[in-house]
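So you know, we letter chains A, B, ... as the sequences are listed, proteins then strands, and number each from 1. In this text, all values refer to a predicted model and were calculated from it rather than measured experimentally.
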Amino acid sequence: MIKIQKVYNILYSKFGDLEWWPIDKKYHIKNSTDPRFEIIIGAILTQNTAWSNVEKALINLKENGKLDIKSIIEIPDLELKKLIKPSGFFNQKSKRLKKISKFLFEKYKSDMDLFFKKDTKKIREDLLEINGIGPETADSILLYAGNKPVFVVDSYTKRICKRLPIKTEITYDSIQKHFENNFSNVFDKKDLTKIYNQMHAMIVELAKNYCKKNPDCKNCPLKKYCKYEK
DNA sequence: GTCCAGGGCCGTT
DNA sequence: AACGGCCATGGA
């Protein structure tokens, strides 16, 4: 078994600072839309979908002035589906966007500060009760929109955990706990949000460039620690 | 044309 | 707990 800290250090020396959630900053300066809501919408739209497709959907929403809670609630289903069509799975995703928007409107009066002020565990539970929001989407919302110290586990993380000998039990919760326990022993508490963001970004880089479904093992920075062979 | 992407749900084993 | 089918688009 290889230590998480060791993986972090090797990846960091390879990739450097990544700090990552793709967001269009210029748009928010101009329109004063809460970027946290864009991240929430993006987190749902990107479910099993390439970000380039999500971007098209987000641009459609922006250009039509629909990227806010009230507009998502009021827009007719058909029109919403048309706008988010490039991101795929638009029948289910349109429902999910409506649900999260209604949730924020009805329970928090569309006040994001009020929403994220609550206890992290409580927010997570509330999000998971919404049909269409699973653990990764909930945790992405907490980490990237709420700046909460929550480690996001995605399919890349699972793949790397399987191949690298990081862990034998490959379930969402156990992997998340493993990363969080290790990092919170090593880093200062106030830095954890940044570290989780950085680590997840590095995992994505590793998985896209080396630890692919069809892996490029010979150039992988973690080659000598890995049991997996193509 | 084929493969796959930063999931989640539901049903089956 | 783990697995399979399903949902849909666009880029490589």
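- Taking atom NZ on A:Lys162 and atom C1' on C:dA2, their separation rounds to 10 Å, with Å as the unit.
- Taking atom CE on A:Met202 and atom C1' on B:dG6, their separation rounds to 16 Å, with Å as the unit.
- The cluster map of Ile, Leu, Val, Met, Phe, Trp and Tyr, joined by side-chain heavy atoms under 4.5 Å apart, puts A:Ile39 and A:Phe103 in the same cluster.
- Residue A:Glu136 is classed as a sugar-phosphate contact, given heavy-atom separations below 4.0 Å to backbone atoms only.
- The aromatic rings of A:Tyr8 and A:Tyr12 sit parallel to each other, their planes meeting at less than 30°, with 60° as the upper class boundary.
- Under the 30°/60° scheme for interplanar angles, the aromatic rings of A:Tyr144 and A:Trp21 are found to be tilted.
- Atom P of nucleotide C:dA8 and atom NZ of A:Lys93 are separated by 9 Å, given to the nearest angstrom.
- In this structure, the CD atom of A:Glu55 is 12 Å from the P atom of B:dG6, given to the nearest Å.
- The side chain of A:Thr171 lies closest to C:dA2, out of C:dA2, B:dC9, B:dG6.
- Looking at the side chain of A:Asn91, the nearest of the listed nucleotides C:dT9, B:dG6, C:dA8 is C:dA8.
- Comparing the same atom, P, in C:dA8 and in B:dC10 gives a spacing of 15 Å after rounding to whole Å.
- Atom CD1 of A:Ile44 is separated from atom C1' of B:dC9 by 15 Å (rounded to the nearest Å).
- Each of A:Asn131 and A:Tyr144 has a nearest nucleotide on DNA chain B; the 5'-most of these lies closest to A:Tyr144.
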Please list each protein N or O that sits under 3.5 Å from an N or O in nucleotides 2-5 of chain B, with the distance.
none

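- In this structure, A:Asp126 pairs ionically with A:Lys118, as a charged nitrogen and a carboxylate oxygen lie closer than 4.0 Å.
- Separating the CG atom of A:Leu45 from the P atom of C:dA8 is a distance of 13 Å, rounded to the nearest angstrom.
- The separation of B:dG6 from C:dC6, taken at their P atoms, amounts to 23 Å, rounded to a whole angstrom.
- Salt-bridge check for A:Asp188 with A:Lys194: failed, with every basic side-chain N at 4.0 Å or more from each acidic carboxylate O.
- Summarising the geometry, the separation between CD1 on A:Ile130 and C1' on B:dC9 is reported as 15 Å, rounded to the nearest angstrom.
- At least one donor-acceptor pair closer than 3.5 Å links the side chain of A:Asn185 to the backbone N or O of A:Asn181.
- Using a 4.0 Å heavy-atom distance criterion, A:Gly88 is classed as a base contact.
- For the side-chain contact (heavy atoms from CB on, under 4.5 Å) test with A:Leu127, the passing option among A:Ile40, A:Thr137, A:Ile133 is A:Ile133; the others fail.
- At a threshold of 4.0 angstrom between heavy atoms, the contacts of A:Ser87 with the nucleic acid are absent.
- One can place CD of A:Gln92 at 8 Å from C1' of B:dC9, the figure rounded to the nearest angstrom.
- When the P atom is compared between B:dC3 and C:dG5, the two are found 15 Å apart, to the nearest whole Å.
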